[in-house]
There are 2 protein chains.
Amino acid sequence: MRKTILIFSALIIALLILFQLSKYSYASGDTSNEIFIAIIAIAFFIIGIYLNKKSLHKKQLFKNEIDHQKIKDLGISTREYEVLMKISEGLSNKEIADVLFISESTIKTHVSNILVKLDAKRRTQAIQKAKALQIISF
Amino acid sequence: MRKTILIFSALIIALLILFQLSKYSYASGDTSNEIFIAIIAIAFFIIGIYLNKKSLHKKQLFKNEIDHQKIKDLGISTREYEVLMKISEGLSNKEIADVLFISESTIKTHVSNILVKLDAKRRTQAIQKAKALQIISF
DNA sequence: AGTATTTTGGTACTTTAGTATGAGATAGCC
DNA sequence: GGCTATCTCATACTAAAGTACCAAAATACT
């Protein structure tokens, strides 16, 4: 936001300077006028592309960001969220138990709780729902 | 963000108009030139934004587009691919059987073949791998 | 028309996933 | 200390998922 204001301010200043220059060149002779117009056109074209790319890039980042608030709202705990991510990576309960150094029984408990909180019947559906809710990234 | 850009654009236009008015008051000379330049600048600015948006949109589509060639390379048949998509939507074998109007046995056969072709041990891993290979979109 | 591939379906079996229930351990909060 | 939430683990069970092997159709290919 602050950056955008700065960029536009600089743009206005540049415009004013160019205006002054055009006045000088117009007084001396009007052969450089077409070149001047071309430069303005190209400059603004590039500025337009640059600004648009920046704004779209930011938008894109926002889209793929995970919604931590929603995780809290759903009552998903830290440990449950860890398990949820492992599920989305395609790991089995046993494998998740191994990487988290806890028993498979505990994983099953976590998975069951996750399924209830996400209103899913299967782990594959949990993956789908978690993605739709922007709780996990992909 | 977009609002800010619009506001500043309007500001620039207002500035240019003021410029013209001030020039009129000084001496009624040739003033249509500056207006012309301003219009060119704004026009190219808008064109720049428009073109950039188009190209980025296409890029985005390409990124999320499914790689049909890779599906063929992996030897995944049409029916198997249909099943794969249903799996990624979180459906069970029985549910997939119902929506495709075939028996659950057939679905199991398809799923087994998919797992072999994707080198996955579970359907969740198949989802993960299919995503990584850009075979399915999300 | 005849071969190749795909699609379909079955049985029998093993493995994994998920449910229900209970309960001990830990940590933060008032 | 007592309360609450989280994390942990277990048993016993049911339900799904997945494997292996087979085989009849429907399609595709040339």
Side-chain angles (χ1 to χ4, degrees), chain A residues 66-133 135-136, chain B residues 66-133 135-136:
Chain A
I66 48 175
D67 194 339
H68 296 282
Q69 188 54 47
K70 205 164 281 174
I71 297 172
K72 279 184 187 172
D73 293 346
L74 290 167
I76 295 173
S77 70
T78 312
R79 204 55 159 168
E80 285 166 358
Y81 184 67
E82 286 184 275
V83 173
L84 177 59
M85 286 194 296
K86 296 298 176 190
I87 289 174
S88 77
E89 289 168 16
L91 301 189
S92 68
N93 289 339
K94 184 76 190 66
E95 286 170 342
I96 297 171
D98 288 344
V99 297
L100 294 183
F101 301 107
I102 50 180
S103 81
E104 196 187 339
S105 299
T106 309
I107 301 298
K108 284 190 178 186
T109 307
H110 287 321
V111 172
S112 272
N113 291 333
I114 291 166
L115 293 181
V116 170
K117 288 169 184 176
L118 284 177
D119 189 31
K121 286 175 185 170
R122 283 161 294 281
R123 47 171 58 210
T124 49
Q125 200 180 353
I127 295 172
Q128 177 67 20
K129 288 212 172 190
K131 276 176 199 166
L133 292 167
I135 278 177
I136 55 174
Chain B
I66 46 175
D67 194 338
H68 295 283
Q69 188 55 46
K70 206 164 279 173
I71 297 172
K72 278 184 188 172
D73 293 348
L74 290 166
I76 294 172
S77 71
T78 310
R79 205 56 160 169
E80 284 166 357
Y81 183 67
E82 285 184 276
V83 173
L84 177 58
M85 286 194 296
K86 296 298 177 191
I87 288 173
S88 78
E89 289 169 16
L91 300 189
S92 68
N93 289 338
K94 184 77 189 68
E95 287 171 343
I96 297 171
D98 288 343
V99 297
L100 294 183
F101 300 107
I102 50 181
S103 81
E104 196 187 340
S105 299
T106 309
I107 301 297
K108 285 191 176 186
T109 307
H110 287 320
V111 172
S112 272
N113 290 332
I114 291 167
L115 293 181
V116 170
K117 287 169 183 176
L118 284 177
D119 189 31
K121 286 174 184 169
R122 284 162 292 283
R123 49 171 56 208
T124 49
Q125 200 179 355
I127 294 171
Q128 176 67 20
K129 288 213 172 192
K131 261 188 292 170
L133 292 167
I135 278 176
I136 54 175

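So that the names make sense, note that chain A is the first sequence line, chain B the second, and so on, each numbered from 1.
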Seminar exercise, completed: Side-chain atoms of A/N93 come closest, of D/dG18, D/dC9, C/dA17, to C/dA17
Exercise. So what does A/S105 touch, heavy atoms closer than 4.0 Å: a base, only the sugar-phosphate, or nothing?
Worked result: base
Problem set entry | CZ on B/R122 to CD on B/Q128, rounded to 0.5 Å | 11.5 Å
Exercise. Given atom CD1 of B/I107 and atom P of D/dA15, what is their separation to the nearest angstrom?
Worked result: 21 Å
For this session: Identify whether any heavy atom of A/S103 sits under 4.0 Å from a base atom; if not, whether one sits that close to sugar-phosphate; answer base, sugar-phosphate or nothing.
Result: sugar-phosphate
Problem set entry | B/T106 side chain, from C-beta outward: closest of C/dG9, C/dT16, D/dA17 | C/dG9
Exercise. Could one point to a donor on the side chain of A/T109 or the base of D/dC7 with an acceptor on the other under 3.5 Å away?
Worked result: no
Exercise. Distance check: side-chain N/O of A/H110 vs OP1/OP2 of D/dT8, anything under 4.0 Å?
Worked result: yes
Problem set entry | Residue B/R79, side-chain heavy atoms: nucleotide from C/dT8, D/dT8, C/dG18 that is nearest | C/dT8
Exercise. Do you know which two heavy atoms are closest between B/L118 and B/K129, and how far apart they sit?
Worked result: O-CD, 3.1 Å
Exercise. Does the side chain of A/R122 get closer than 4.0 angstrom to OP1 or OP2 of C/dA17 through an N or O atom?
Worked result: no
Problem set entry | B/S92 side-chain proximity, nearest of D/dC9, C/dT8, D/dA17 | D/dA17
Exercise. Nearest 0.5 Å, what's the NZ-CG distance between A/K117 and A/L74?
Worked result: 9.0 Å
For this session: Please tell me which of B/K117 and A/K108 maps to the more 5' nucleotide of DNA chain C, matching each residue to the nucleotide holding its nearest heavy atom.
Result: B/K117
Problem set entry | Interatomic distance, A/I127 CD1 vs D/dA17 C1' [rounded to whole Å] | 14 Å
Problem set entry | Gap between atoms CD and P, on B/E82 and C/dT6 respectively (whole Å) | 14 Å
Problem set entry | From A/K86 atom NZ to A/I107 atom CD1, the distance as rounded to the nearest 0.5 Å | 10.5 Å
Exercise. Rounded to whole angstroms, how far apart are CD1 on A/I96 and C1' on C/dT16?
Worked result: 12 Å
Exercise. Could you state the CG-P distance from A/N113 to D/dT8, rounded to the nearest angstrom?
Worked result: 12 Å
Exercise. If you look at every strand shown and take non-hydrogen atoms under 4.0 Å, does A/S112 touch a base, only sugar-phosphate, or nothing?
Worked result: base
Problem set entry | Rounded distance in Å - CD (B/E80) to C1' (C/dT7) | 9 Å
Exercise. How many Å lie between CD1 on B/I76 and P on C/dT7, as a whole number?
Worked result: 12 Å
Problem set entry | Length of the line joining B/L118:CG and D/dG18:P, which is rounded to integer Å | 12 Å
For this session: Kindly compute the distance separating CD1 (B/I102) from NE2 (B/H110), expressed to the nearest 0.5 Å.
Result: 4.5 Å
